[in-house]
Amino acid sequence: MILEFSFRFDQFSIFIASSIAIFTLLIGLYALIFMKGNRASGQFLVYFFLNCFFAIGAVLANNLILLLFFWESLLLTMFGMIMVGGRESYKTAIKAFIIIGITDLCMMVGIALTGQLAGTFTMSAISVSTAGLGGFAFIMLMIGALAKAGAMPFHTWIPDAASDAPLPFMALIPGALEKLIGIYFLTRVSLELFKIEPASWASLLLMIVGAVTIIFAVLMALIQKDFKKLLSYHAISQVGYMVLGIGTALPVGIIGGLFHMINNALYKSCLFLTGGAVEKEAGTTDLTKLGGLAWQMPVTFACFVVAALSISGVPPFNGFFSKELVYDGALERGWIFYAVAVAGSFFTAASFLKLGHAAFLGRSDTKSKEAPWPMLLPMVVIAAACIIFGVYNTLPIDRIIAPILGSHALEGHKFSGLPANMFLVLMTLIVLAGAVLNHLYGVKKSGKAIGAADHIHYAPVMHSLYDRAEKKIFDPYEIGMKLANVAARILYGIDRFVDWFYEVFTVRIVLLFTSLIKWAHSGNISTYVIWSLVGSIAVLVMAWR
Amino acid sequence: MVIDQLFWLFFMTFILLLIEGFYCVTVTYNLFRILIGLEVLIKAVTLFVIAAGYLSGHLALAQSIVITIIVIEVVVVVVAAGIILGFFREFDSLNVKNARRMKG
Amino acid sequence: MMNKEALLLAAIFAPIFGALILPLLGRVSQGLRNNTALALVALSCLCSLSFIPSVMGGKNIIFSFALPLSLSLTFYADTLAVFMAVVSSFIGAIIVLYSFDYISHYDNQNEYYLMVVLFLGAMMGLVYSANLIYLFLFWEITAIACWRLIGFYRGQRDVLKADKAFLVTVFGALVMLIGFVAIFQQTGTFNLIIMRGQVLPDIIVALILFGILSKSATLPFQTWLPDAGVAPSPVTALLHAAVLVKIGVYVFARLFLMTFMISSSWHATVMMIAGASALVAAGAALVETDIKRLVAYSTISQIGFIFLGLAAGNMVGAVGGLLYILMHGLAKGGLFLCAGIIEQNAKTKDITRMGGLIRTMPVTAMAFLFCAFSVMGIPPLGGFFSKFMVISGGIKSGEIWLTLVFIVGAFMTILYLFRAFTLIFLGESKGYPSREGSKMMVACVALLAILSLAGGLLANYPIGFLKTAGYQMVGLLK
Amino acid sequence: MTYLLLFIPFAILILINLFPREKRTEPAFWLGLAVLVFQAGAVVASQFGYWGTILTSQLESVFGFNLQLYKMGHVLVMASALAGATALLVARATLKNKRDRFNFVGLLLVSLIGINGIAMVTDIFTLYIFIEVTALATFILIMLNREQAAFEGAFKYLIMSVVATVLMLAAVSLFILIGGGTSFLDVKMAVISDPLAYTALLLFLCGLFIKGGMVPFHGWLPDAYSSAPTAVSVWLAGIVTKASGIYALIRLMVIFGGLEPLQNIMLTVGAASIVIGALAALGQKELKRLLAYSSISQMGYIVIALGSGTVLGIFAALFHFFNHTLFKATLFANVAAVEEQTGTQEMEKLGGLAQKMPITGLTSAIASLSTAGLPPLSGFWSKLLIIIALWISGHYFFAAVAVLASVVTLAYFLLLQRQAFFGLVPAALKEVREAGPILLIPAVFLSLLIVVIGLVFPFMIQMVLR
Amino acid sequence: MMLLSVLLILLVLISLWAVMTPLLLRAAIGLAATSALLTMIMYQLGAPLAAVFELSVCAGLISVVFVSVVSLTHRLPLKEFMKRRQSRIKRFIFLPLLLVAALAIMLTIKLPFQLQLPAADKISDVRVMLWNIRRIDLFGQIMALLAGVYGVLILFRGRKTDGD
């Protein structure tokens, strides 16, 4: 009744579990070398592989409670890994823990509610409508999934972690693993548990969240001066595409979202790995100090180019095809979503041009040699995967993603191969060209590669928004903490009032009576005699009444 | 009928003497006068016992009770006098204020 | 095989009467006294453990000695009683072990051990007694033991706080006594076994609830618990975490779940009170700077969760509430004992003046962290299962908004525990040269942390055991 | 049995005075103790029926007293024996002047005779006489060492007892007028038939209230207890006020318990004295005065139990009567010990004595907790029975008052413990040592009795209820 | 009947005078007079033994004690005495008024209930009653006297002379 230890091996969960395993293996290999210098590397690796165990457990679980069990255990390993980062990294660790901890509690409520509504906790048997209480449960579960995936309202810990946490962590968790698990659960919830229809408010909500995540995260990414911070913002914005895709609740959108999930995992982890290589060899990830690494680190540069192109959605690479599907779905549901998605990819392209130009091209004032082969191997493998998934995209779509939705949902037509809607392809090409122009204009205007996005940065309206964003005004975590402290003070006030009631109020009342009685005992005998007489009369009266 | 009238007469005297006794005890400033008051009270009660015995025909019982009362109350009054002497020895005055020192 | 009744009596009266001889042993040698104290508590724990198989099989042990005026001395070991007995005596044993080193350099230790063992004996008596008056009798013995223990340091402020705690609990207990007498008038007996299934009018329920809330330090009466932080930390661990506050919860379960049927409106009211208490205490914990008061407030908040479970009125909630008692006992006991080590080494109770202790006290830090995770309800540790079941019980009972209040409480639990952890262990040290606690104390703390973790991984055994208790519950609206 | 209780103390009293002047205090003390031990032994023996009837019959003819010892009387006699023994031991330890000690024994025996008389009386006038005898002996006892405060306390007690006498004798005279006789049977006949006799009974009750120190009439009690030397306070608080006031009330309520208005009076007066006694005790600065108010409050419990009008109520009242003697005697013995060691009884000057005087601390803790009615001790059982009696007889409000007032009782005992025993030792009291053995024996014996009764009580009920 | 009422009225008046006289000596004498009057009333009611006892003990012994106490305690200084006189007059003036009021009330209201008197007592002789039936009272009297002896011993002895 409460907890059966049941697993389920269907098409979707096996796929996710295997990809988790592959990524952990590759990045694990990378991490062995990267963490050699760090004194807590042993501890880090323990958390690293424990994390993989829990992730696979969560994905394969068929019982919602079991899923929650593994899901929240990830919290511990994540907290451990960030703590290892450095002396000051505990602040981010705690920030991440609190954000994801709180959203997991919401998810716990969601799961309890769904279980109660559906009568059982086994996921395969649950189907609940999103009306009334079900809707509330859906939102709760959605919050859990989005937080894990790193979507907008719950993303603020990822940029901080970029600077504090060790890089392999950034590559694995925000880079690949979280997206996989988060979107996996989101799909389970929206397709299997709640079966949201395209017209329903739930899908609209998801699409809005996706769109918002895309645009704001990429705008923030544009102005970043640090290699890893820029990548972390992009990790957040890419999630927006997946959420948008699944949010459309159309087969094309969902296929697009899932395909984008895999692609993102690939190129995002590859970018992080290149960032790691740069950091290890060049000693810093600050773009202003970097430059001209292309010739010193050719393999890293090559992988970076492949990954950058695929993330920007340049045709032959995998990013392009999954984005096209998402665009198709988004356009069908509403042009505004499509416009946001396209704008998103415009800025993504612009920022990666800036990053590539600043980091790899231009003069090199630092002498750095190529990263050791064990670090290069995973990068090359993942880059190759990016290319394969792009060019030969029927393999991932038809054989892996399509069966997930089951044949009836696909209404017959095939999504793999070249995108059907030519208009979208045209638009994407125009946007990419625009991005290159903007980059060239930016570089010429500011004179150096790093300033490519300054003209956007210091535009009148944008300038004040950026400053406030930098100072974490909009960060829900800070707002939440202030709110919590204010609420705590009020509640502490209540507690002190109750304490005052005991310590001061009742004591004073009682002592008032006591002093009254003591004053009454004036000591002279006549009062006592009078009392006795009055008392006897009272007794007589009481008896006779 | 006569018995009722007689009883009422005795009862009235008893009540009047009681009022005198209690008034004297509560109002006076002098310890000795309190004794006087007490003695008046005892006399009132003795009277009433005898009257009750007389009216109900149990005069013998009343008399024996009165004798015992007198003996015991004498001792009480003597002890009271002793106490007053004690007070006098301590404070050289019979003012009631000296007997009001224990408050609260 | 020694018959079960003898074991039952031994479990109860061995610690109580054994405690009386401890001061004498104390004069002979400290070691002897300490070990006998531990042996006594361990004895009652083993006896209770030995009941588990027979109780699981459904054969409850009963011992009764007929007396007039329905004051017959009856002890009844059913699943609920055995569970509580094992939990409290086990944690009590660990705390006694811990206090060997903690109390070693204070004076009037004899009285300390006397009172601790008496306290645990009274707890056993209370848990097993099936007669309301004897239940009240042991309830008050624990209050007396608490009074002497809280006032252990004999300072002016400590004794004042001890008196405050004593008065509040006795006041609540007396109101409860009125309730018991009212039950006696209605049913004509104090024996719980006979009265199983009776319906109680609201007045009596209110009176008894008054007592329960005062003992388990819920909202209207919660201030005595943080004030009792002046006591030595094994005492606060014993009092706040593991045993004393659980008495109120146990009596709630024993009366309103196992024996009497109460009107369903009470479920909502109890949950409301518990919710308010959880929130207020969580808020206070977030603001508090004294380490013991902070953990005490967190206990009040977690007690609110237990009441949520028990008052939910369904099987999941009830089993969750009882499991919560076990998990919270272990975790909170660990937190308090860590607080003890920290306080003894860092020479200060004010967490704002601590810092960077993780470098000098790694094991304690890890134990503190694990126990904190268990209290927060993070999965691999036991707290997760109990918190989940309590919340799903709350939702199943239909009180969605109330459960949300508890969720906010859970949020704040995470916040204040992490605030405490960071202020104490992380950040740069403020110049207090603190070295690790003594071997025994650290071992106890580590043991409790590992047990919390084991509680999570092997959660099935306690849950299975409690499910059998759940089936016997009368008060549940299935 | 009945006559022995009167004649043996009388004989001893005379015997003591025969000794030559120098060598009389020591034997007087031991003989006094012997009387009390005999008395206790007699009560215990009679419980098991050893006390043959042969002994009583001859004396019956010789003296022709119409005395009769009921089961209730046994409680009073036993209590007086215990309280007397404690008073004697405390007196031996505290009264320095040899002459005072000798007079103390003498007067103690006189009041003992008075109390034994009260226990056995069957006639309302004889009851008055014995009450008056004990009162007389107590006036003089209070003034034993002729302190200035003692005069004031004794004087107030005397005046109030004269007022009580007036009320009682007025009632007696009315009984003679209506009933024709003063024995309880005639009184019972008169009260049932005639309203005037009913008023007389009420007057008699008021007289007893004054003697017992119930709230509207209690003015004299705190002054008398606190001004008397501690040994006398033990005797006074332990048994005298209770015997002369409360015991007589119990005897009357056994006969007239059924009358509804009487019950109401008892309940109101009892509740008033519980509450006001407890609240006044909370504000006190000296130990003895605090204990005096606590006695008022505890006697209020006995009276409120009588108000329930059921047999269980009477039994609970008697049981609390006996328990109260135990705790009050222990507490006053402790006060004596504290006074002897520290020289003062102001609570401000005291502190942390439990460290220096462990046994006294322990016994005072046991006695205080038992008075507050905490379970393992005997006080709990009597309070519990009182509450059950009140609740079953339907007086819910009064039961609630009785229960909740015991929180205030606990409050002022905690105040006492905190100020005197439980805290840290102040500088001034550094050299305080444990009290002498003579003072400790009674305290330890009585607190042992409290604990034993507390544990054994449930099993003891059968034997007592029979 | 007539004589009895006159005596009763006299008794009340004399005791009023005894209570109100400023001088303590006069009060003591007044008290002796009241007990004498009481003796006459008792004699009138046919209770000779009680009357004799009352006369000898109350009029005799108590008056002697009171007079000796008054003589032992010296008088207030004149000035103090005059001041005290005024205040006492002011206080005691209410007493007679109170008495008159009480008398008026009692005269108006009748006995609310009918008085049933019991059958007369068989034993008419006091000696038989006292010695045979009420023997316990004698024992009580002895005890009271004994207590009185102790009282006198302790109270009236001089300054705390050290005991033997």
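Because only heavy atoms are used, hydrogens play no part in the values below, and waters and symmetry mates are left out as well, while side chains stay in. Letters A, B, ... mirror the listed sequences (proteins, then strands); counts begin at 1.
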Looking only at heavy atoms, what is the nearest atom pair of Val133(D) and Gly140(E), with distance? CG2-O, 3.7 Å
Output every pair passing salt bridge (charged side-chain N to carboxylate O under 4.0 Å, His left out) with a member in residues 54-71 of chain E, not counting sequence neighbours, ordered by first then second residue. Lys43(B)-Glu54(E)
Measure Leu13(D) against the heavy atoms of chain E and call it side chain, backbone, both or neither at under 4.5 Å. side chain
Between Phe139(E) and Phe7(D) (judged by ring centroids, cut-off 6.0 Å), do the two rings come close enough to count as a pair? yes
Does the side chain of Ile136(E) come within less than 4.5 Å of Phe130(D)'s, by heavy atoms? yes
Phe184(D), CZ: over 12 other non-hydrogen atoms inside 6.0 angstrom: yes
Which pair of non-hydrogen atoms, one from Ala147(E) and one from Ile140(D), has the smallest distance, and what is that distance? O-CD1, 3.3 Å
Could you look at Leu177(D) and say if it's the side chain, the backbone, both or neither that has a heavy atom under 4.5 Å from chain E? both
Reported CE-to-CG distance for the pair Met143(E) and Leu112(D), which is rounded to 0.5 angstrom: 11.0 Å
Residue from Asp100(D), Leu107(D), Val110(D) scoring the most non-hydrogen pairs under 4.5 Å with chain E is Leu107(D)
Which atom pair, heavy atoms only, marks the closest approach of Arg146(D) to Ile154(E)? NH1-CG2, 3.5 Å
Name the option with the most non-hydrogen atom pairs under 4.5 Å to chain E; the candidates are Asn103(D), Thr182(D), Leu141(D). Asn103(D)
Best-contacting candidate, Asp186(D), Leu144(D), Ile113(D), against chain E by heavy atom pairs under 4.5 angstrom: Ile113(D)
Report the residues that fulfil side chain to side chain contact (heavy atoms under 4.5 Å, CB included) with Ala164(D), sequence neighbours left out, ordered by chain and then residue number. Met168(D), Ile210(D), Lys211(D)
State, yes or no, whether a side-chain contact exists between Leu155(E) and Phe151(D) at a heavy-atom distance under 4.5 Å. yes
At a heavy-atom separation under 4.5 Å, does Thr134(D) approach chain E through its side chain, its backbone, both, or neither? neither
Measure Ile129(D) against the heavy atoms of chain E and call it side chain, backbone, both or neither at under 4.5 Å. side chain
